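Report on the following structure.
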2 protein chains.
Amino acid sequence: MRTAHDITRVFNALGDPTRRAIVERVSNGPLSVSDLAKPLKMTLAAVVQHIQVLEAGGLVRTKKAGRVRTCSLQTKGFDLASEWIADRKSLWERRLDRLGAMLDEES
Amino acid sequence: MRTAHDITRVFNALGDPTRRAIVERVSNGPLSVSDLAKPLKMTLAAVVQHIQVLEAGGLVRTKKAGRVRTCSLQTKGFDLASEWIADRKSLWERRLDRLGAMLDEES
DNA sequence: CTAATACTTAAGTAAATACTTGACTATGTA
DNA sequence: TACATAGTCAAGTATTTACTTAAGTATTAG
């Protein structure tokens, strides 16, 4: 199971504001690398590196047609992240239920 | 709105396997700092630093009683994270719906 | 063909991160 | 009282990360 590794990549990718901004823009539809770079105060090369991190995290998918690489959203990374969070949630909710039951029994 | 800053902290905190392991163990109930440290191959000081990152991300809460600091789960960070993910999801689902509608009209 | 566009690649740098060590401070325990 | 436990604090170090610059390669437009 290399999932732990994958989840690390997802959360790391989302832990940077620039990368989240990219994801937010791509949520509204695919964009080229240079379109993504335009509003950002950094070089194209830096943006490309951010996109690579997002792609490694399964949050974004890219495809090159001609000389332009188009960046679109991928669900895999989001699914991994929300699944992990949901798992934690179910654990501590179950625990709180047990605590509640114990308190009920006491009264 | 300092939320962007907060979300960065949440995802950064979750982007480390050691810290996720801590969160996973705390999901089953509160633990002291040294209990948390026991299975980990690093010094107590390092574990404390990880816990501080988790606390800054709102994923964990700690309280000191006597000489032992007890670490328990906090929902705030999880809520922030899953909210951000849900927002993205609703955006691209809406977009896919529009695309579907357009395809329907064409046929 | 030529020139601009849209990246790509490699290498370097500054700052952040994940640790360590060691010395210290409380707080329980024998 | 003395000793162990549980954590705190400050520094230092090694690696990783977020960039930059500069020189290249395709691809498309004039």
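This one's a predicted model, so the numbers in the text were calculated from it and none came from an experiment. Protein chains get the first letters and strands the later ones, always in sequence-line order, with residue 1 at the start of each.
- Rounded to a whole Å, the CD1 atom of A:Ile51 is 9 Å from the P atom of C:dT8.
- Residue pairs meeting the salt bridge (charged side-chain N to carboxylate O under 4.0 Å, His left out) criterion with at least one partner in residues 38-57 of chain B, sequence neighbours excluded, are B:Asp35-B:Lys38.
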- Message: Output one letter per nucleotide in nucleotides 17-27 of chain C: B when a protein non-hydrogen atom lies under 4.0 Å from the base, S when only the sugar-phosphate is that close, - when neither is.
- Response: -SBBB-----B
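- Scanning both residues, B:Leu73 and B:Val26, for their nearest heavy atoms gives N-CG1, 3.3 Å.
- Contacts of A:Arg69 classified as side-chain hydrogen bond (donor to acceptor under 3.5 Å, both in side chains), with partners at least two apart in sequence or in another chain: A:Thr62.
- Under the 4.5 Å side-chain heavy-atom criterion for Ile, Leu, Val, Met, Phe, Trp and Tyr, A:Val10 and A:Phe78 are members of the same hydrophobic cluster.
- What separates NZ of B:Lys64 from P of D:dA6 is a distance of 12 Å, to the nearest Å.
- In this structure, the NZ atom of B:Lys38 is 11 Å from the P atom of D:dT5, given to the nearest Å.
- Every side-chain hydrogen bond (donor to acceptor under 3.5 Å, both in side chains) that A:Glu24 has, sequence neighbours left out, goes to B:Trp84.
- One interatomic measurement links the two molecules: CD of B:Glu55 to P of D:dG7, which rounds to 13 Å at whole-angstrom precision.
- A salt bridge links B:Asp6 to B:Arg9: one of the charged nitrogens lies within less than 4.0 Å of a carboxylate oxygen.
- Using a 4.0 Å cutoff on non-hydrogen atoms, the parts of residues 27-35 of chain A near DNA chain C are A:Ser32, A:Val33, A:Ser34, ordered by number.
- Under the side-chain hydrogen bond (donor to acceptor under 3.5 Å, both in side chains) criterion, A:Lys63 pairs with no residue at all, not counting sequence neighbours.
- A donor-acceptor pair is defined here as one N or O able to donate and one able to accept, closer than 3.5 Å; no such pair exists between the side chain of A:Arg61 and the backbone of A:Gln74.
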